Amino acid sequence: MSRKTVIAGNWKMNKLASEVPAFASELKAAITGAYDCDIVICAPYPLIPALNANKDVVGMGVGAEDVSAFEKGAYTGEVSVSQLKELGPQYCIVGHSERRQYHNETDSSVNAKTKALLANGITPIVCVGESLKQRECGLTKDFVNSQVVVAFSGISAEDAKKCIIAYEPIWAIGTGVTATNEQAQEACHDIRAELARIYDQETADSITIQYGGSMNAKNAADLLAQPDIDGGLIGGASLKPVDFATIIMATAK
Ligand code: 13P
């Protein structure tokens, strides 16, 4: 079983391009110990050139936060995958719950975006996760599995292995309420079981599944120690170099 641990920051709509160089050098200075993960920062499009220019300072990958499901044409404000490719990120988040909630992202647009990214050699970070109400009604597994099924519809096992999945319970995002280690492990395990059902165990075992939702410098080590949690997608704590570095170092074996 070989899968990568990936610690990715999701800056959302925060920071300016002009703040990237200082962030990169502060993050480098704050990583004072060993770690065993790939480091990624996902940020709004205008910040990507600055992240590219500073990525070697930390040895990090660069990601976008969304891409259009359409190839080109009259879609004012959208960014196509070929335009994104020219900016040069290696990763792109799709299906974040904030986009599902505020921008009508659907499971089928997530599927179209995932396919477009794969066709252009950009690693999709596919976000799934339930609401508090769904969890309270005992629907977590069925709901998250249905998101996974549609997101990966028509995608080969070979391509699925190139994807990252982020399990992000909506009730844990930006709330300071983190899923317990057991809740996060159970959900990531259920996602892997669903991937094994869709594809096969070998494919499921090679896909990186991150946890996201109020992961921070204090709780990261315990979450990352869970067998089915292969990294994190981190919002608030990724904006603070020292906190993000602590999460990165929590991956040390
Ligand atoms: P927080 O870490 O701020 O809860 O955000 C998580 C998230 O949405 C990452 O995509």
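What you see is a predicted model; the values in this text were computed from it and never measured. Order of appearance sets the numbers: ligands from 1, and atoms from 1 within every ligand.
- Heavy atoms of Asn10 found under 4.0 angstrom from ligand 1 belong exclusively to the side chain.
- Between the side chains of Glu130 and Trp171, at least one donor N or O sits under 3.5 Å from an acceptor N or O.
- Contacts of Cys127 with ligand 1, taken as heavy-atom pairs under 4.0 Å, are absent altogether.
- For atom 7 (C) of ligand 1, the closest non-hydrogen atom of the protein is Glu168 OE2, 3.2 Å.
- The option with the heavy atom closest to atom 4 (O) of ligand 1, from among Gly235, Gly174, Ala237, is Gly174.
- Listed by number with element, the atoms of ligand 1 under 4.0 Å from a non-hydrogen atom of Lys12 are 5 (O), 6 (C), 7 (C), 8 (O).
- Close approach to Ala172 involves these atoms of ligand 1, each under 4.0 Å from a residue heavy atom: 4 (O).
- Taking a 4.0 Å cut-off on heavy atoms, Gly176 fails to register as neighbouring ligand 1.
- Salt bridge status for Glu98 with Lys12: present, with a side-chain N to carboxylate O gap under 4.0 Å.
- Interface of Leu233 with ligand 1, defined as ligand atoms under 4.0 Å from a residue heavy atom, comprises 9 (C), 10 (O).
- For the residue pair Thr203 / Asp200, a side-chain donor-acceptor distance below 3.5 Å is found, with atom types taken as modelled.
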| task | Show your working on salt bridge (Lys or Arg N to Asp or Glu O under 4.0 Å) between Lys72 and Glu78 and close with a plain yes or no. | result | CA-CA 9 Å; Lys72 63 191 290 193; Glu78 290 281 272; over 6 Å; no
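- Ligand 1 is never approached by Gly212 to a heavy-atom distance shorter than 4.0 Å.
- Within the listing of ligand 1, atoms 1 (P), 2 (O), 3 (O) sit less than 4.0 angstrom from a heavy atom of Gly236.
- Using modelled atom types and a 3.5 Å distance limit, the side chains of Gln201 and Asp205 yield a donor-acceptor pair.
- With hydrogens and angles disregarded, no donor-acceptor distance shorter than 3.5 Å links the side chain of Ser109 to the backbone of Glu105.
- A donor and an acceptor atom, one from each side chain of Thr178 and Asn219, are located under 3.5 Å apart.
- At least one heavy atom of Ser214 sits closer than 4.0 Å to an atom of ligand 1.
- A donor atom on one side chain and an acceptor atom on the other are not found under 3.5 Å apart for Ser97 and Gln101.
- Under a 4.0 Å criterion applied to the non-hydrogen atoms of Gly213, ligand 1 contributes the atoms 4 (O), 6 (C).
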